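Okay, structure first, notes after.
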Amino acid sequence: MKRTPKFAVMCAALVAGTFIIAPSAAADTSTGPTKGDSAGDDTVLKGYAVDTWASLDAMTDKKTGLPADKLQGDLSDPSDNTSPTNIGGYLWSVVSARDLGIISKQDAFKRMKSTLKTLEQIERHEPSGMFYNWYSPKDGHKLTTWPGSNDPVDPFLSSVDNGWLAASFRIVAEAEPRLARSADALYASMDFGYFHNLEGGANAVNGAGLNRGGFWVTPPPGCSVPGNYGDDGSELYYTCHHYDTSVSEARIVNYLGIANGQIPAEAYYGTLRTMPDQGCDFAWQEQKPTGETREYLGVPVYEGVYEYRGMKLVPAWGGSMFEALMPDLLVPEADWGPQSWAVNHPASVRAQIEHGLDEAGYGYWGFSPASDPFGEYAEYGVEGVGMSADGYASDRERTNVDAGYDGCREASNPTPEFGDGVVTPHASFLALPYDKSAVLSNLAGIKNDLGAYGPGGFYDAVATQSGTIADRYLSLDQSMIMAAVANELLDDRLKDYFVDDDFEAAVRPLVEAQIFGSKLE
């Protein structure tokens with residue numbers, strides 16, 4: 001793959017920081033850098049990466065090179081399940097750790113080689129080249145019963161999970177030339193057209209094609225749609241839902257499929273900014289949008305936005321940070337989209353900050369699906385900037401935000417009182433390109449005041465009022481932290497590995513053309 005030069009992300013101006021305490025055990029007794037100490041800030045971030053890597057190292061099987069889905073806070077008891085997203089995140093975390101000087105080049109090579117070798121051997125859906133959603137990290141066998149409970153698992157192939165694994169193959173192929181043949185072969189074998197419904201399915205608004213959530217090879221319990229969007233193989237059983245919103249982590253699938261020629265370019269405009277303002281037809285959404293309709297490649301697009309505290313932005317489905325910013329770890333969206341992502345990303349970050357500090361008054365911010373301090377897993381977000389009327393809440397109480405929908409739905413809770421807010425550190429790291437000093441200040445408080453930090457870096461989530469900690473590490477969330485730090489300290493290194501000339505030629509014009517109605521003020 002021939003690679004392009006780096007493209008710097010357009011960042012918001014940085015605000016003066018606060019005193020930060022470095023994360024490594026050896027530095028815990030120091031006072032840390034002072035305000036405006038850029039070199040000190042970078043040292044803090046490097047320390048976070050060192051500790052975060054310790055958790056990823058501890059949860060990875062040394063023989064298979066597959067990471068567990070999660071690990072206990074004392075770096076013990078890794079789970080006996082993993083997913084394509086976990087594996088992809090681990091691969092780019094190995095590259096990040098190597099480039100940050102945390103591990104040696106030879107160690108990184110051996111790790112990636114082991115992972116790729118396992119992936120070449122484990123069971124896949126051969127016609128599409130896609131990987132199943134759950135494997136054992138101990139030996140790579142496909143899970144048909146859930147570890148511990150022995151509950152049945154219906155083997156599923158997820159579009160977005162395979163997207164993140166495929167993305168990691170692009171990174172490995174460029175970052176480690178000795179493994180390029182293996183990584184490129186795995187990448188080339190994956191056909192994202194198997195997920196793409198050319199007819200658009202449930203999206204009756206503009207009729208463009210959409211991606212299904214995934215498929216089963218045998219009929220599952222519950223809802224499914226038979227068919228086969230690929231070029232070969234027997235009938236498959238698709239999810240009844242499509243990924244139909246623009247601000248979603250699932251947009252990585254469109255990027256890859258379009259770049260590979262497996263998904264039409266028009267599909268980039270098939271997803272929705274908001275549901276349109278058509279009387280009361282879509283009054284179930286969180287708020288009444290404003291916007292205008294534009295046409296791209298023959299696809300009419302309602303460029304709807306929501307308003308939040310003086311801003312206008314395109315919402316995510318649940319209002320979480322990883323929906324908005326995870327693809328931005330690998331694709332230079334803000335640089336390529338000056339009239340879209342370059343405004344929407346900092347607006348999404350500001351909305352998270354203002355919700356946590358001002359609207360809800362938690363004292364901290366950063367809301368995203370994560371391990372739950374009060375259970376196993378929960379979806380957290382800023383509901384006011386989520387499209388779903390019952391979207392992801394930001395607190396333990398699952399406080400509903402409902403300002404109504406003009407003329408269609410009366411407000412049920414226009415001035416909510418929020419409870420025990422739950423912040424997720426990985427969400428802060430995703431915001432690094434857009435407000436570095438706010439991120440550092442927030443993380444320092446989560447670590448030092450809330451105590452949500454252990455031998456593997458930040459614990460996955462913490463409740464700000466009760467101080468209840470989800471003292472676990474999730475592979476996906478730790479890998480997002482590694483990627484964010486590597487990009488910040490190494491001039492968007494992962495984006496540079498990921499993007500080649502062909503990818504840029506196929507995707508950049510689509511991103512450059514789109515115009516959101518987003519405004520920061």
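For clarity, every value in this text was computed on a predicted model and none was experimentally measured.
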Presence of salt bridge, D57 and R111, under 4.0 angstrom: yes

Going through the distances and angles, do T239 and F156 end up as a side-chain contact (heavy atoms from CB on, under 4.5 Å)? CA-CA 10 Å; T239 59; F156 177 68; 3.6 Å; yes

Measuring only between side-chain heavy atoms, which start at C-beta, is V331 closer than 4.5 Å to V511? no

Backbone N or O of G304 within a donor-acceptor pair of the R273 side chain at under 3.5 Å? no

Pairwise distance OG(S371) to CG(D69) - rounded to 0.5 angstrom: 9.5 Å

Shortest non-hydrogen contact from L91 to V172? CB-CG2, 4.1 Å

Closest heavy-atom pair and its distance - T399, P416: CG2-CB, 3.8 Å

Whether the side chain of S441 engages the backbone of A438 through a donor-acceptor N/O pair (distance < 3.5 Å, no angle test) should be reported. no

Between the side chain of K447 and the main-chain N/O of F458, is any donor-acceptor distance below 3.5 Å? no

Evaluation steps, side-chain contact (heavy atoms from CB on, under 4.5 Å), between L71 and L75: CA-CA 6 Å; L71 183 76; L75 305 186; 3.6 Å; yes

Walk me through whether N442 and S428 qualify under side-chain hydrogen bond (donor to acceptor under 3.5 Å, both in side chains). CA-CA 8 Å; N442 191 51; S428 287; 2.7 Å; yes

For a 4.5 angstrom cut-off between non-hydrogen side-chain atoms, does Y268 reach I263? no

Check whether the side chains of Y243 and N254 place a donor and an acceptor atom closer than 3.5 Å, and report yes or no. no

Between N448 and Y453, a side-chain donor and acceptor under 3.5 Å: no

Mind checking the CH2-OG1 spacing from W365 to T424? Nearest 0.5 Å is all I need. 10.0 Å

Minimum-distance pair of heavy atoms, taken over all atoms of L430 and P433: O-CD, 3.4 Å

Could you tell me whether a side-chain N or O of Q465 sits under 3.5 Å from a main-chain N or O of D395, the two making a donor and an acceptor? no

Spell out, as yes or no, whether a donor-acceptor pair under 3.5 Å connects the side chain of R493 to the backbone of A483. no

Using modelled atom types and a 3.5 Å cut-off, is there a donor and acceptor pairing between side-chain atoms of R508 and backbone atoms of W336? no

When you measure from the side chain of Y364 to the backbone of V423, do you find a donor-acceptor pair of N or O atoms at a distance under 3.5 Å? no

Is there a side-chain contact between V422 and F374 in this structure, where contact means two heavy atoms from C-beta onward sitting under 4.5 Å apart? yes

Would you find more than 12 non-hydrogen atoms of other residues, nucleotides or ligands less than 6.0 Å from R396 atom CZ? no

Please evaluate residues F169 and Y187 with respect to the criterion ring-ring contact (aromatic ring centres under 6.0 Å, His included), reporting the C-alpha separation (whole Å), side-chain torsions for both, the decisive distance (0.1 Å), and the verdict. CA-CA 6 Å; F169 294 152; Y187 181 75; 7.3 Å; no

In the structure I gave you, are the side-chain heavy atoms of Y48 and F429 within less than 4.5 Å of one another anywhere? yes

Nearest heavy-atom neighbours spanning M482 and A49: SD-O, 3.5 Å

Indicate the ring-plane relationship of Y255 and F503, choosing parallel, tilted or perpendicular according to the 30° and 60° boundaries. tilted

cation_pi(R294, Y302) dist<6.0 Å, angle<=45: no

Correct closest heavy-atom pair for G89 and S479 would be O-CB, 3.4 Å

CD1 on I103 to CH2 on W53, rounded to 0.5 Å: 4.5 Å

Please tell me if the side chains of V401 and E286 come closer than 4.5 Å, counting only heavy atoms from C-beta onward. yes

Please check if any side-chain donor atom of D420 sits under 3.5 Å from a side-chain acceptor atom of S466, or the reverse. yes

State whether the side chain of S76 and the backbone N or O of Q72 hold a donor-acceptor pair below 3.5 Å, judged by distance alone. no

Does S340 use its side chain to pair, donor to acceptor, with the backbone of F516 at less than 3.5 Å? no

Within the 4.5 Å heavy-atom criterion, are I102 and K46 side-chain neighbours or not? yes

Decide, yes or no, whether a salt bridge links D477 with K70 under the criterion of side-chain N to carboxylate O below 4.0 Å. no

Salt-bridge test for D42 and K436: reply yes if a basic N is under 4.0 Å from a carboxylate O, no otherwise. yes

Closest contact, heavy atoms only, P425 versus D460: CD-O, 3.4 Å

From CG (L56) to CD1 (I481), nearest 0.5 Å: 9.0 Å

Is there a side-chain contact (heavy atoms from CB on, under 4.5 Å) between F322 and H426? Walk through the geometry before answering. CA-CA 8 Å; F322 102 112; H426 78 265; 4.3 Å; yes

Flag for T82-Y90: side-chain donor and acceptor within less than 3.5 Å: no

H196 vs Q262 side-chain heavy atoms within contact, under 4.5 Å: no

Apply side-chain contact (heavy atoms from CB on, under 4.5 Å) to residues S348 and L313 and explain how you reach the verdict. CA-CA 7 Å; S348 296; L313 73 162; 3.9 Å; yes

Measure from the side-chain N and O atoms of T115 to the backbone N and O of G65, and report whether any donor-acceptor pair falls under 3.5 Å. yes

Name the one of P84, S158, S83 that satisfies side-chain contact (heavy atoms from CB on, under 4.5 Å) with L165? P84

CG/L329 to CG/D492 distance, rounded to the nearest 0.5 angstrom? 9.5 Å

Between R309 and D358 (salt bridge meaning N to carboxylate O under 4.0 Å), is one present in this structure? yes

OH of Y473 to CE of M59: how many Å apart, nearest 0.5 Å? 9.0 Å

With side-chain hydrogen bond (donor to acceptor under 3.5 Å, both in side chains) as the test, would you mind laying out the steps for R350 and Y308 before giving the verdict? CA-CA 10 Å; R350 184 181 295 180; Y308 181 78; over 6 Å; no

Assign the ring pair Y135 / Y132 to parallel, tilted or perpendicular, where the plane angle (0 to 90°) is split at 30° and 60°. perpendicular

Does a donor on one side chain and an acceptor on the other come within less than 3.5 Å for D161 and T85? yes

Are any non-hydrogen side-chain atoms of Y497 and D99 less than 4.5 angstrom apart? yes

